[in-house]
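Have a look at the structure below before the remarks.
Along the sequence shown, residues are numbered consecutively beginning with 1. FYI, side chains are in, hydrogens and waters are out, and symmetry mates aren't considered; it's all heavy atoms of this structure. Remember, predicted model here, so these are calculated numbers, not experimental data.
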Amino acid sequence: ARLLADARRRYGSAKRARHGLDFADLMRGLRDAWRDHPALRRVWKNRVDAVLVDEFQDTNRVQRDLLYLLREERGTEREFDGGAVSLDARALEPAGLLLVGDAKQSIYAFRGAQVRVFFETEADLCNAGGASLELTDSHRSLDTVLDAVNPATAALLGTGLTEHALSIYDKARDALTGGALSDGRARCELLLVPAGRADDVRAAEADAIARRIRSLVDAPAPSSRDRRWRAARYDDMAVVVPSWTHVDALRKALRARDV
């Protein structure tokens, strides 16, 4: 704790010596300016008719304060004692605010994002008469793929809790429905590898993918009577990786299998 306090003090001194501001300073500075100067807040409120915020699951309380101050009901600039922005959604304009987010995709806790803010803001807006729409129709995947993905997602995230013990998976609002139906022949396979160190798992996954690709290409050609199908080729296939850190292992595995 003493080390952290000393680092914070040194960092603050360095910023002041350079007349510098970081991203957090900019957010807090603007929030404080709008909070403490109603006339300035009025100018900006009157300039903005609507606000759309995407990826709202990765916001924090300062950013939520900025949003509420900007959408505060026009013609009414409240005074805030004690520094806290004590606005709720009932004090906002009745329209002109759209938030889009998914608690499962909150990944910026290390930068101060608080998924609790997402849940609290959703409840606050709904209690004030707002609407919450669940976007469960997927237009990216066949129904066959989602039949495999939904149970896996529920198993991995259904018991996952945030630091505030809030469930981040709700089957009623998170299970996806396929917008495109398969022809009945499409299928989804799950290739499982043993748990272990990240590098070992990455290599095992890459080898499983390379072996499966090779087996598809080496498989016998379909019956000549079924003209809708032909033997698989390498240019029929694509591998989607979650990040560039997986590419090297995949490249090695494909070369090892002569793919």
Practice problem: Take Lys15 and Asp25 through the test side chain to side chain contact (heavy atoms under 4.5 Å, CB included) and record every step on the way to the result. | Solution: CA-CA 10 Å; Lys15 286 191 294 183; Asp25 295 328; 2.6 Å; yes
Could you measure the distance from the [atom1] atom of [X] to the [atom2] atom of [Y]? Nearest 0.5 Å is fine.
{"X": "His246", "Y": "Glu205", "atom1": "NE2", "atom2": "CD", "value": "5.5 Å"}
{"X": "Leu99", "Y": "Thr59", "atom1": "CG", "atom2": "OG1", "value": "8.0 Å"}
{"X": "Arg35", "Y": "His37", "atom1": "CZ", "atom2": "NE2", "value": "9.0 Å"}
{"X": "Arg90", "Y": "Asp124", "atom1": "CZ", "atom2": "CG", "value": "7.5 Å"}
{"X": "Asp207", "Y": "Arg214", "atom1": "CG", "atom2": "CZ", "value": "13.0 Å"}

Quiz prompt | Side-chain H-bond candidate by donor/acceptor type, Ser215 with Arg212, under 3.5 Å | solution =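 Indeed, the side chains of Ser215 and Arg212 share at least one donor-acceptor pair under 3.5 Å.
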Check whether [X] and [Y] end up in the same hydrophobic cluster, where Ile, Leu, Val, Met, Phe, Trp and Tyr are linked by side-chain heavy atoms less than 4.5 Å apart.
{"X": "Leu40", "Y": "Leu70", "value": "yes"}
{"X": "Trp44", "Y": "Leu92", "value": "yes"}
{"X": "Val48", "Y": "Val53", "value": "yes"}
{"X": "Phe118", "Y": "Ile107", "value": "no"}

For the student: nearest non-hydrogen atoms of [X] and [Y], plus distance:
{"X": "Ser138", "Y": "Leu146", "answer": "CB-CD1, 3.9 Å"}
{"X": "Arg233", "Y": "Val217", "answer": "C-CG2, 4.3 Å"}
{"X": "Leu69", "Y": "Trp34", "answer": "CD1-CB, 4.0 Å"}
{"X": "Glu122", "Y": "Ser132", "answer": "OE2-OG, 2.9 Å"}
{"X": "Asp258", "Y": "Tyr234", "answer": "O-OH, 3.8 Å"}
{"X": "Met237", "Y": "Leu216", "answer": "CE-CB, 3.8 Å"}

Exercise. Please confirm whether the backbone N or O of Asn60 pairs with a side-chain atom of Gln63, one donor and one acceptor, at under 3.5 Å?
Key: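 Pair found, side chain donor or acceptor close to backbone of Asn60.
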Exercise. State whether the side chain of Glu93 and the backbone N or O of Arg71 hold a donor-acceptor pair below 3.5 Å, judged by distance alone.
Key: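 Answer holds: no.
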Quiz item: Are Lys104 and Asp174 close enough, and set up right, to give a salt bridge (charged side-chain N to carboxylate O under 4.0 Å, His left out), and what steps lead you there?
Solution: CA-CA 9 Å; Lys104 301 188 303 300; Asp174 289 317; 3.0 Å; yes
Exercise. From the options Thr121, Leu52, Leu67, select the one residue that forms a side chain to side chain contact (heavy atoms under 4.5 Å, CB included) with Leu97.
Key: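 Considering Thr121, Leu52, Leu67, a side chain to side chain contact (heavy atoms under 4.5 Å, CB included) with Leu97 is found only for Leu67.
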Practice problem: Determine, stepwise, if the pair Arg74 / Asp49 fulfils salt bridge (charged side-chain N to carboxylate O under 4.0 Å, His left out). | Solution: CA-CA 10 Å; Arg74 287 177 174 174; Asp49 293 321; 2.8 Å; yes
Exercise. Could you walk me through whether Asp6 and Arg2 pass salt bridge (charged side-chain N to carboxylate O under 4.0 Å, His left out), step by step?
Key: CA-CA 6 Å; Asp6 184 58; Arg2 288 195 299 270; over 6 Å; no
Exercise. Assess whether side chain to side chain contact (heavy atoms under 4.5 Å, CB included) is satisfied between Leu176 and Thr153, documenting all intermediate values.
Key: CA-CA 10 Å; Leu176 298 177; Thr153 303; over 6 Å; no
Quiz item: Quick one: is the NZ or CZ of Arg78 closer than 6.0 Å to the six-membered ring centre of Phe80, and within 45° of its axis?
Solution: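 Here Arg78 fails the 6.0 Å and 45° test against Phe80.
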Self-check item: Heavy atoms from other residues, nucleotides or ligands near CZ of Arg111 exceed 12 (cutoff 6.0 Å)
Solution: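 No.
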Exercise. Would you indicate whether Lys252, at its atom NZ, is surrounded by more than 12 heavy atoms from other residues, nucleotides or ligands within a distance under 6.0 Å?
Key: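 Not buried by this count: 12 neighbours or fewer within 6.0 Å.
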Self-check item: side chain to side chain contact (heavy atoms under 4.5 Å, CB included) between Gln114 and Arg64, worked out
Solution: CA-CA 10 Å; Gln114 298 169 297; Arg64 206 277 294 272; over 6 Å; no
